[in-house]
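Sequence positions, counted from 1, serve as the residue numbers for this chain. This one's a predicted model, so the numbers in the text were calculated from it and none came from an experiment.
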Amino acid sequence: MFTVYILILCFNSIIAFLIVCQKSLHEPMYIFIAALLLNSVMFSTVVYPKLLIDLLSEQQVISYSDCYFQHFMFYTLASSEFLLLGAMAYDRYVSICKPLHYPAIMSQRTSPFIVIMAIIILFNIALLPVILIIFSYTRIIMLSYRSCKEVRRKAAQTCLPHLLVLFSFTRQAAAASNS
């Protein structure tokens, strides 16, 4: 299993690197293939390490937060994969149904736009909200720790409802993905 994981990382990274470095491969279909390969590297990194740990362990246990993170990344990467496959389908449609317009529609300027959009969507859906939540509550905790009792009480009163909603939402999302 470890060998398969290393081979996936190596081969996909090497092929994506070659596509990026080789100017003659800077065509829409190759750019989409490179994006799919990098998406596969990220997906494998979400799945294989935990799978390897479980295979080597006597007891397969995962924390709630790790489970939620793994499910979240799994669905986010699957969504970006479908977006890239949709862009590839559109590329094939244009090349077959509108061959004379293909260079104008799928130029080197427009095809990376679909790849960039997939990265932006991944960032907005997955990373940005998590970073914002962690940053906000870290700052609140730091400020509360340095402040008087009244500020800590006020922070707890205003943050507690949001944290309850956040924990409730993550629990429901994890439960829904398990069923």
Nearest 0.5 angstrom please: [X] [atom1] to [Y] [atom2], how far?
X	Y	atom1	atom2	answer
Q70	Y75	CD	OH	11.0 Å
C21	H26	SG	NE2	7.5 Å
L56	L51	CG	CG	9.5 Å
L9	N12	CG	CG	8.0 Å
S57	K50	OG	NZ	6.5 Å
E81	S40	CD	OG	7.0 Å

Same apolar cluster: [X] and [Y], side chain cutoff 4.5 Å:
X	Y	result
Y90	Y30	yes
L52	I6	yes
M29	I15	yes
L55	V4	yes
V46	M42	yes

Quick one: does [X]'s side chain get under 4.5 Å of [Y]'s, heavy atoms only?
X	Y	value
L36	M88	yes
Y48	I8	yes
Y93	K98	yes

**Message:** Among residues at least two apart in sequence or on other chains, which ones pass salt bridge (Lys or Arg N to Asp or Glu O under 4.0 Å) with R153?
**Reply:** E150

**Prompt:** Does C10 offer a backbone N or O that forms a donor-acceptor pair with the side chain of S13 under 3.5 Å?
**Reply:** no

**Request:** Heavy atoms only: give me the nearest Y102-P28 pair and the separation to one decimal.
**Result:**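 The answer is OH-CG, 3.6 Å.
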
